[in-house]
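Before any comments, here is the structure.
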Number of protein chains: 2
Amino acid sequence: MARPAPQTHGEILAAAAKRFAVTGYRGTSLQDIASEVGCSKAAVLYHFANKEAILTELMAPAIEVLRALDERIAAQPEPASAQRVAAEGFVDLAVRFRGEIALLRGEFPELLQQPDFAHIQQISERLLAALAGRSERASARIAAFVLLAGIAETCGEFSDVADEELRDALLALLRRALAPVH
Amino acid sequence: MARPAPQTHGEILAAAAKRFAVTGYRGTSLQDIASEVGCSKAAVLYHFANKEAILTELMAPAIEVLRALDERIAAQPEPASAQRVAAEGFVDLAVRFRGEIALLRGEFPELLQQPDFAHIQQISERLLAALAGRSERASARIAAFVLLAGIAETCGEFSDVADEELRDALLALLRRALAPVH
DNA sequence: AGCATGCCTGACCGATCGGTCAGGAGCTGA
DNA sequence: TCAGCTCCTGACCGATCGGTCAGGCATGCT
């Protein structure tokens, strides 16, 4: 019809991001996305192999940064430095990609099961270990888990707070809350 | 058939709890629950008006405790005491009902939209305000949100940790992490 | 014996889901 | 002019969802 050019791919991506942010991944149907774009559901599936492929492409930049952070953490020989790198890197990532993280709207557990995101679970585990100061103590791991999950849930809210202010608040919280490495 | 007595109501509740804990509320169908019990889907809907009624009954005790906590917090005239009551009360609730909270598996946002749980959103807001020391500063509210959401997400994990140990770890974390009231 | 009631079943309903498919419109190069 | 390609459509598919309904089978009261 009136669709002039093949920028549709990008439009679908943008529409999907918009809808996912409101109703979550599972709560958004291909028809919802198609309606938002103004095309047919079949057109959406012409540009993307399936629904999961849309999410994968949407999250790709954030996942790449997460992967890089994982490498930087792994390169730290000392627990204390690994904890610092993990804290600063994760806060930075959470703030920068807070829009993308918000898309998941608490669907982390299910989404992580999907084959495309399988390796993220392992990265999360290493991130948790680093934040816990590579300690096996339950209290350290519990605190790290609370902060990790809490920050992931939080960054989507507070969209009215500037990046800078959000990052400072989260970093200050982490510095107060993380058990010091001993 | 061989179903002897009307303890089916309780069996359905138990089966639903078991399944919700694994696949979440939305990820569990009435047929799943019926199969777990060993009855028909129609039998499930004979005992419960609809799917949501199962969840409502499952969460009722936890919600009642939450409501009582809300009242106790509201009765505190000073921000400092309200913060203390909120922190201790919420940790206690999270640990006691960690099984129930785990059922929700990150489906809080959607579930809170449902009419049966509408008032919980307001209670959560007051809980957040109390933890933030009734401060309007963004940093205080951000920290409170991270801790609230993080604890809710956490208590379902660490099922191998004893109640006592989990509560102590969470309380110690809150004491470190909460911005002091000034 | 007859009847009501509680508990439960299988068959069925409309809606919605992700995904497929044949084909059409419009452009491009031979 | 016509073949071929990209982009897209509407019709359709099987599966699954929550929920309904008429009826069946015990049990217990009259």
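Numbered from 1 within each chain, the chains take letters A, B, ... in sequence-line order. These numbers come from a predicted model, not from an experiment.
Rounded to whole angstrom, the span from the CD atom of Glu52(A) across to the P atom of dC17(C) amounts to 18 Å. Separating the NE2 atom of His9(A) from the P atom of dT6(D) is a distance of 16 Å, rounded to the nearest angstrom. When rounded to the nearest whole Å, the span between NZ of Lys41(A) and C1' of dC17(C) equals 7 Å. One can place CZ of Arg26(A) at 13 Å from C1' of dT16(D), the figure rounded to the nearest angstrom. With rounding to whole Å, Gln7(B) atom CD is found 18 Å from dG6(C) atom P. Between the CD1 atom of Ile54(A) and the C1' atom of dG18(C) there is a distance of 11 Å, given to the nearest Å. The nearest whole Å value for the distance from the CG atom in Leu30(B) to the P atom in dT9(C) is 14 Å. In this structure, the CZ atom of Phe48(B) is 15 Å from the P atom of dG18(D), given to the nearest Å.
Defined by atom type and a distance below 3.5 Å, a donor-acceptor pair is present between the side-chain atoms of Glu57(B) and His9(B). A donor-acceptor pair shorter than 3.5 Å cannot be found between the side chains of Gln121(A) and Glu125(A).
Val161(B) and Val146(A) end up in the same hydrophobic cluster when Ile, Leu, Val, Met, Phe, Trp and Tyr side chains are linked at under 4.5 Å.
Between the side chain of Lys51(A) and the base of dG19(C) there is no donor-acceptor pair of N/O atoms closer than 3.5 Å.
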Leu55(A) vs Phe117(A), side chain to side chain contact (heavy atoms under 4.5 Å, CB included): CA-CA, chis, key distance, verdict: CA-CA 10 Å; Leu55(A) 183 66; Phe117(A) 300 115; 3.9 Å; yes
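Here Tyr46(B) reaches the OP1 or OP2 of dC7(C): one of its side-chain N or O atoms lies under 4.0 Å away. Within the 4.0 Å cut-off from OP1 or OP2 of dC8(D), at least one side-chain nitrogen or oxygen of His47(A) is found. Dashed line: the shortest gap from a side-chain N or O of Thr8(A) to OP1 or OP2 of dC7(D) is not under 4.0 Å.
Ranking dC17(D), dG19(D), dC21(D) by closeness to the Ser29(B) side chain, first place goes to dC17(D).
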